[in-house]
Peer 1: 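Have a look at the structure that comes next, please.
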There are 2 protein chains.
Amino acid sequence: MPKYYWEDFVAGQVAEYGAYEVSADEIKAFATEFDPQPMHLDEEAARASIVGGLCASGWHSCAIMMRIIADGFVLDSASMGATGCPEVKWIAPVRPGDRLRVRVKVLDRRVSKSRPEMGFVNARFDMLNAADLPVMTVTTHMMLERRPTDGAGEPTGAT
Amino acid sequence: MPKYYWEDFVAGQVAEYGAYEVSADEIKAFATEFDPQPMHLDEEAARASIVGGLCASGWHSCAIMMRIIADGFVLDSASMGATGCPEVKWIAPVRPGDRLRVRVKVLDRRVSKSRPEMGFVNARFDMLNAADLPVMTVTTHMMLERRPTDGAGEPTGAT
């Protein structure tokens with residue numbers, strides 16, 4: 001049984017998850033498969049580029065963020081996925097050896113009109129490195145099941 | 001030498017790249033590493049979920065899109081990366097066996113004020129399946145080098 005339902009995400013809540021340490025090998029493996037630009041694959045070429053050294057693909061950063069929040073709360077929740085992200089901002093390069101955390105802030109939520117057994121939660125994810133500097137910000141529309149009813153037709157914990 | 005510079009991206013241009021065929025094994029491998037939710041890992045659990053069957057993580061879809069555009073034009077361009085995406089929309093599930101293409105539309109562009117040797121290109125990427133239905137839309141701010149000058153101080157091909 002999931003621990004967290006839609007009702008458990010309240011506007012203003014902040015939580016932090018991680019850390020996840022990124023290796024050079026992992027950066028290159030992801031790049032080889034999905035984003036083989038020199039700045040993600042080759043130290044020397046990366047040093048000569050605008051980013052000044054090997055860094056993770058922005059999509060790798062997104063995947064790492066997903067892993068951190070999956071382990072942090074998504075796998076314990078009645079998650080139904082997400083419809084998308086109204087913002088993905090790559091703020092600073094993610095480097096080999098970076099220890100990343102994700103700070104989650106719940107922005108707002110609403111019950112689905114067409115499917116009242118589920119709800120949407122808008123959240124902001126700030127991925128931070130060990131120096132507490134943001135490397136990426138993502139906002140997203142998560143979908144979650146509402147807490148099952150107690151049999152009297154009212155969802156337990158509904159407000 | 002790159003084939004495409006900032007000057008080669010003109011508002012209104014449309015091009016299409018792919019196809020890329022997605023396998024169930026690949027969907028599960030990505031999910032195992034980055035997004036181990038049951039709908040991306042287990043056929044039976046996926047059938048019982050809102051998506052009705054195994055589907056790729058949304059971040060896997062983004063990574064596949066990156067691979068398609070990397071092979072399509074990014075690796076032939078003077079790409080300097082991207083600052084982010086003002087929109088990522090997951091429209092329909094990406095399924096095992098889907099053959100995906102990406103339709104790229106150039107929205108607009110501008111020269112960087114602080115770094116006049118580079119420019120920004122805003123583009124929209126629609127990822128389509130074999131039935132020509134959009135499964136994902138991403139808009140992004142790409143950074144590209146401007147075409148090297150001919151020595152007379154004017155970038156070749158500048159308008």
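A, B, ... follow the sequence lines: proteins, then strands. Residue 1 opens every chain. Model, not experiment: these values are computed from the prediction.
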Peer 1: Heavy-atom cut-off 4.5 Å, strictly under: side chain, backbone, both or neither for S61(A) against chain B?
Peer 2: neither
Peer 1: Determine the minimum heavy-atom distance between Q37(A) and S79(B), stating which atoms define it.
Peer 2: OE1-OG, 2.8 Å
Peer 1: Look up atom OG1 in T83(A) and atom CH2 in W90(B), then write down how far apart they are to the nearest 0.5 Å.
Peer 2: 8.0 Å
Peer 1: If hydrophobic clusters are built by linking Ile, Leu, Val, Met, Phe, Trp and Tyr wherever their side-chain heavy atoms come under 4.5 Å apart, do Y4(B) and M66(B) end up in the same one?
Peer 2: yes
Peer 1: Looking at M65(B), K89(B), M80(B), which makes the most heavy-atom pairs under 4.5 Å with chain A?
Peer 2: M80(B)
Peer 1: Which bit of M39(B) comes within less than 4.5 Å of chain A, counting heavy atoms only: side chain, backbone, both or neither?
Peer 2: side chain
Peer 1: So, for W59(B) and V88(A), which heavy atoms are closest and what is the spacing to 0.1 Å?
Peer 2: CH2-CG2, 4.4 Å
Peer 1: Would you say V111(A) ends up clustered with L144(A) if hydrophobic residues are merged whenever their side chains have heavy atoms under 4.5 Å apart, either directly or through other cluster members?
Peer 2: yes
Peer 1: Using a 3.5 Å distance criterion without hydrogens, assess whether the side chain of R67(A) forms a donor-acceptor pair with backbone atoms of P36(B).
Peer 2: no
Peer 1: Give the minimum heavy-atom separation between F30(B) and A63(A), together with the two atoms involved.
Peer 2: CZ-CB, 3.9 Å
Peer 1: Could you state whether L100(A) and I91(A) fall into the same hydrophobic cluster, counting links through intermediate Ile, Leu, Val, Met, Phe, Trp or Tyr residues with side-chain heavy atoms under 4.5 angstrom apart?
Peer 2: no
Peer 1: Would you kindly confirm whether L128(A) and I64(A) end up in one hydrophobic cluster when ILVMFWY residues are joined by side chain heavy atoms under 4.5 Å apart?
Peer 2: no
Peer 1: Which region of M118(B), side chain (C-beta onward) or backbone (N, CA, C, O), has a non-hydrogen atom less than 4.5 Å from a non-hydrogen atom of chain A, or is it both or neither?
Peer 2: side chain
Peer 1: Under 4.5 Å between side-chain heavy atoms, counting indirect links through other Ile/Leu/Val/Met/Phe/Trp/Tyr residues: same cluster for V138(A) and Y20(A) or not?
Peer 2: yes
